[in-house]
Protein chains: 2
Amino acid sequence: MNSSTVNCEALAKRLTQSGLRPTVQREVVYKAILEKRNHPSTDEIFARVREQMPTISLATVYNCLETLVQCGLIKQVNFERAPTRYCPNLYEHAHFHDDATGEVHDIAVPAEMMDRLRALLPPGYKAANIELSFRGGVMHTRN
Amino acid sequence: MNSSTVNCEALAKRLTQSGLRPTVQREVVYKAILEKRNHPSTDEIFARVREQMPTISLATVYNCLETLVQCGLIKQVNFERAPTRYCPNLYEHAHFHDDATGEVHDIAVPAEMMDRLRALLPPGYKAANIELSFRGGVMHTRN
DNA sequence: AATTCTATTTGGAATAGTTCCAATTCCTAC
DNA sequence: GTAGGAATTGGAACTATTCCAAATAGAATT
Ligand SMILES: [Mn+2]
Ligand SMILES: [Mn+2]
Ligand SMILES: [Zn+2]
Ligand SMILES: [Zn+2]
């Protein structure tokens, strides 16, 4: 029983809990995101998925992604107005967008820091969601 | 000498410094953003600007906004994939997007907090930009 | 097992914010 | 005043995403 099997059992369970059907399309889209966790765009996911299922439609990929987000299995990552990316890392974390390569890296954020951020809000403001993102470069260290 | 005059002198100065011309279109777009600092969208800015200058084109508004951002006079504010908004508040701050009203509110962020955020980055990562945004609701307090 | 009912998928059209482009107009420098 | 570059303009093009109506698949019921 490999990790992919585990993940897809979790997927089926979560979908069923939400009253949705664990379809093969949803499974293959979810696996595509898991296989290389580099915050792929919809196009990238579509390309990966087509290798397994060449007949899947782009509309279905969009539908599956929306479903997976609603079930809380993946997160949408938006940067400026660039095409939406997706992230299977469910821990609270921030994103670093490397200007040079275009890559997006996860940045760990302690829960305590999240609390500090929430504390910035005026009384009465309740944040359902906090997004923290960095943009910049990565210096190469010479040894 | 009202504040609008002051702001527009600053605008002209900044544009000239950048080797750009202080045109009437750029001035009227900038004033439109300052007049009601509610993070207006391009459409809203276009509507405001047309009252002063009914002949201005949408393309020019887009051009002016890009110029003003490049000069550092305003900031782009993106939320998910909603239409871009603009903000003349040049202090480092976060944004709170009210789900109920769609309004965007500025949230003050102490410089010390910004430093803590930067400190989350691994060695070698240099953030040219940090974006922090909240989404949620505002509770009404009874008295 | 056939039928029914609904969820899901599918291909293509439509949408919308934004960008691009070529032509005109406007400034500035000479 | 003329020349040259900057800025503006209207409209076309672009593109990520959403919408839609028809086809398909799957679960439930008889
Ligand atoms: Mn994408
Ligand atoms: Mn906008
Ligand atoms: Zn991530
Ligand atoms: Zn702001």
Side-chain angles (χ1 to χ4, degrees), chain A residues 11-32 39-47 49-50 52-71 73-86 102 104, chain B residues 8 11-32 39-50 52-71 73-86 102 104:
Chain A
L11 166 66
K13 189 175 166 189
R14 189 71 75 92
L15 286 170
T16 305
Q17 280 173 351
S18 304
L20 301 166
R21 295 179 186 166
T23 68
V24 54
Q25 286 90 348
R26 283 168 180 165
E27 183 178 314
V28 78
V29 166
Y30 185 52
K31 277 181 177 167
H39 302 87
S41 67
T42 306
D43 273 2
E44 170 68 17
I45 293 165
F46 187 41
V49 157
R50 280 223 265 202
Q52 307 304 316
M53 183 182 284
T55 60
I56 198 171
S57 77
L58 178 57
T60 297
V61 172
Y62 272 105
N63 289 339
C64 291
L65 290 171
E66 189 187 355
T67 298
L68 294 175
V69 169
Q70 281 169 353
C71 290
L73 286 157
I74 61 174
K75 294 193 280 196
Q76 260 192 329
V77 179
N78 286 108
F79 214 86
E80 311 274 300
R81 295 196 56 84
T84 302
R85 291 160 170 257
Y86 293 89
V104 173
Chain B
C8 286
L11 165 67
K13 189 175 166 188
R14 189 72 74 93
L15 286 169
T16 305
Q17 280 173 351
S18 303
L20 301 167
R21 294 179 186 166
T23 68
V24 56
Q25 286 90 346
R26 283 167 179 166
E27 182 178 316
V28 78
V29 166
Y30 185 52
K31 277 182 178 169
H39 303 86
S41 67
T42 306
D43 273 1
E44 169 69 16
I45 293 165
F46 187 40
R48 289 182 196 175
V49 156
R50 279 222 267 202
Q52 308 303 316
M53 183 182 283
T55 60
I56 199 172
S57 77
L58 178 58
T60 298
V61 172
Y62 272 103
N63 289 340
C64 291
L65 290 171
E66 189 186 355
T67 299
L68 294 175
V69 168
Q70 281 169 353
C71 289
L73 286 158
I74 61 175
K75 294 193 281 197
Q76 259 192 330
V77 179
N78 286 107
F79 215 86
E80 311 276 302
R81 295 196 56 81
T84 303
R85 291 162 170 255
Y86 293 89
V104 174

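Residue numbers begin at 1 in each chain, while the letters A, B, ... track the order of the sequences. The analysis underlying the following values was restricted to heavy atoms, covering all of them including side chains, and did not include hydrogens, waters or symmetry mates.
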- Query: Got a second to check how far B/Cys64's SG is from B/Phe46's CZ, nearest 0.5 Å?
  - Reply: 11.5 Å
- Query: Tell me: CD1 of A/Ile45 to C1' of D/dT17, nearest whole Å?
  - Reply: 14 Å
- Nearest-Å distance, CE (B/Met53) to P (C/dC26)? 11 Å
- Query: What's the spacing between A/Leu20 CG and A/Gln70 CD if we round to 0.5 Å?
  - Reply: 8.0 Å
- Of B/Ile74, B/Thr84, B/Thr60, which meets side chain to side chain contact (heavy atoms under 4.5 Å, CB included) against B/Leu65? B/Ile74
- Message: Nearest 0.5 angstrom please: B/Lys31 NZ to B/Arg48 CZ, how far?
- Response: 14.5 Å
- Message: Is the phosphate of C/dT18 approached by B/Thr42 (side-chain N or O, under 4.0 Å from OP1 or OP2)?
- Response: yes
- Task: Using a cut-off of strictly less than 4.0 Å between a heavy atom of the residue and any atom of DNA chain D, enumerate the qualifying residues of residues 20-29 of chain B by number.
- Result: B/Leu20, B/Arg21, B/Thr23, B/Gln25, B/Arg26
- Message: Need to verify one output field. Residue with the more 5' nearest nucleotide on DNA chain C, B/Asn63 or B/Arg81?
- Response: B/Arg81
- Message: Tell me the interatomic distance from B/Leu15, atom CG, to C/dT28, atom P, rounded to whole angstroms.
- Response: 12 Å
- Query: Roughly, in whole Å, what's the span from OH in A/Tyr30 to P in C/dT8?
  - Reply: 18 Å
- In whole Å, what is the span from the CG atom of A/Leu58 to the C1' atom of D/dT17? 9 Å
- Item | Spacing of A/Arg26 atom CZ and A/Arg14 atom CZ [to the nearest 0.5 Å] | 14.0 Å
- On DNA chain D, more 5' by nearest nucleotide between A/Asn78 and B/Thr55 is B/Thr55
- Item | From CZ (B/Arg85) to NZ (B/Lys75), nearest 0.5 Å | 15.5 Å
- How close or far is atom P of C/dT15 from atom OH of A/Tyr62, stated in whole angstroms? 18 Å
- Message: Tell me whether the side-chain N/O atoms of B/Thr60 come closer than 4.0 Å to OP1 or OP2 in D/dT9.
- Response: yes
- Query: How close or far is atom C1' of D/dA25 from atom CD1 of A/Ile56, stated in whole angstroms?
  - Reply: 14 Å
- Message: For the CD atom of B/Gln76 and the CG atom of B/Leu68, what is their distance to the nearest 0.5 Å?
- Response: 11.0 Å
- May I have the distance from B/Glu66 (atom CD) to C/dT18 (atom P), rounded to whole angstrom? 12 Å
